[in-house]
Amino acid sequence: MRIFIVLLIFLAALGSAIVQARTVEIDVHGMTCAFCVDTLQRTFTKFKTVSKVEVSLKHKKIRLETEGNQPSIDTIKQTVLDAGFTPINIAVQ
């Protein structure tokens with residue numbers, strides 16, 4: 001019985017972590033080279049709530065997997081701007 005309760009608590013915690021995750025895709029203007037990709041990759045990797053960063057030079061997109069609602073959309077926009085690029089469109093999945 002004790003093992004069942006521990007397993008139930010573990011599954012509940014795992015389920016809540018999955019529900020809180022989100023994917024954010026940002027179309028970026030001004031990304032032209034591998035250095036641009038590296039800059040954005042390093043910038044977003046510094047966020048503790050960002051679990052995965054994918055930057056595509058070909059598609060001019062950044063894809064972030066985040067924990068919960070952090071960082072906020074405004075923070076993401078400002079981070080892209082501070083890195084020297086223009087966020088065109090942001091989609092949250």
Side-chain angles (χ1 to χ4, degrees):
M1 180 70 175
R2 195 174 204 184
I3 294 174
F4 177 73
I5 292 172
V6 171
L7 182 61
L8 188 60
I9 292 171
F10 175 74
L11 290 174
L14 181 62
S16 67
I18 292 171
V19 171
Q20 293 179 358
R22 72 175 177 169
T23 302
V24 181
E25 288 190 0
I26 307 107
D27 294 327
V28 179
H29 177 72
M31 203 174 15
T32 59
C33 65
F35 182 73
C36 299
V37 171
D38 186 57
T39 298
L40 290 166
Q41 182 85 28
R42 288 176 187 258
T43 300
F44 281 106
T45 301
K46 292 177 185 176
F47 285 90
K48 292 181 181 179
T49 55
V50 175
S51 57
K52 187 174 182 181
V53 180
E54 296 175 358
V55 182
S56 171
L57 180 59
K58 179 179 180 181
H59 299 290
K60 310 279 193 245
K61 285 187 183 235
I62 305 167
R63 182 179 176 151
L64 307 173
E65 290 184 15
T66 68
E67 300 169 6
N69 291 326
Q70 294 298 322
S72 69
I73 298 301
D74 289 335
T75 300
I76 292 170
K77 284 181 188 178
Q78 191 59 50
T79 301
V80 173
L81 287 168
D82 290 347
F85 306 97
T86 306
I88 303 297
N89 184 35
I90 298 178
V92 179
Q93 300 173 354

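Numbers for residues simply follow the sequence, beginning at 1. Keep in mind the model is a prediction, meaning the values are calculated, not measured.
With values rounded to the nearest 0.5 angstrom, Glu54 atom CD is found 11.5 Å from Ile62 atom CD1. Note: Ile88 CD1 to Ile26 CD1 = 12.0 Å, rounded to the nearest 0.5 Å. From Thr75, atom OG1 reaches atom CZ of Phe47 across 6.5 Å, with rounding to the nearest 0.5 Å. In this structure, Glu65 CD and Ser51 OG are separated by 5.0 Å, a value rounded to the nearest 0.5 Å. A distance of 8.5 Å separates OG1 in Thr66 from CD in Gln70, rounded to the nearest 0.5 Å. Rounding to the nearest 0.5 Å gives a distance of 7.0 Å between NZ of Lys52 and CZ of Arg63.
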Step-by-step side chain to side chain contact (heavy atoms under 4.5 Å, CB included) determination, Gln78 to Leu81: CA-CA 5 Å; Gln78 191 59 50; Leu81 287 168; 4.2 Å; yes
Chi angles and distances behind the side chain to side chain contact (heavy atoms under 4.5 Å, CB included) call for Val55, Met31: CA-CA 10 Å; Val55 182; Met31 203 174 15; 3.5 Å; yes
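The heavy-atom pair separating Val50 from Phe44 by the smallest distance is CB-O, 3.7 Å. Of all the heavy atoms in Cys36 and Gly30, the pair that sits closest is SG-O, 4.2 Å.
A donor-acceptor pair under 3.5 Å is formed between the side chain of Gln41 and the backbone N or O of Val53.
Among residues two or more places apart in sequence or in another chain, the side chain to side chain donor-acceptor pair (under 3.5 Å) test is passed with Thr49 by none.
The side-chain hydrogen bond (donor to acceptor under 3.5 Å, both in side chains) pairs that include a residue from residues 83-93 number zero, where partners must be two or more places apart or lie in different chains.
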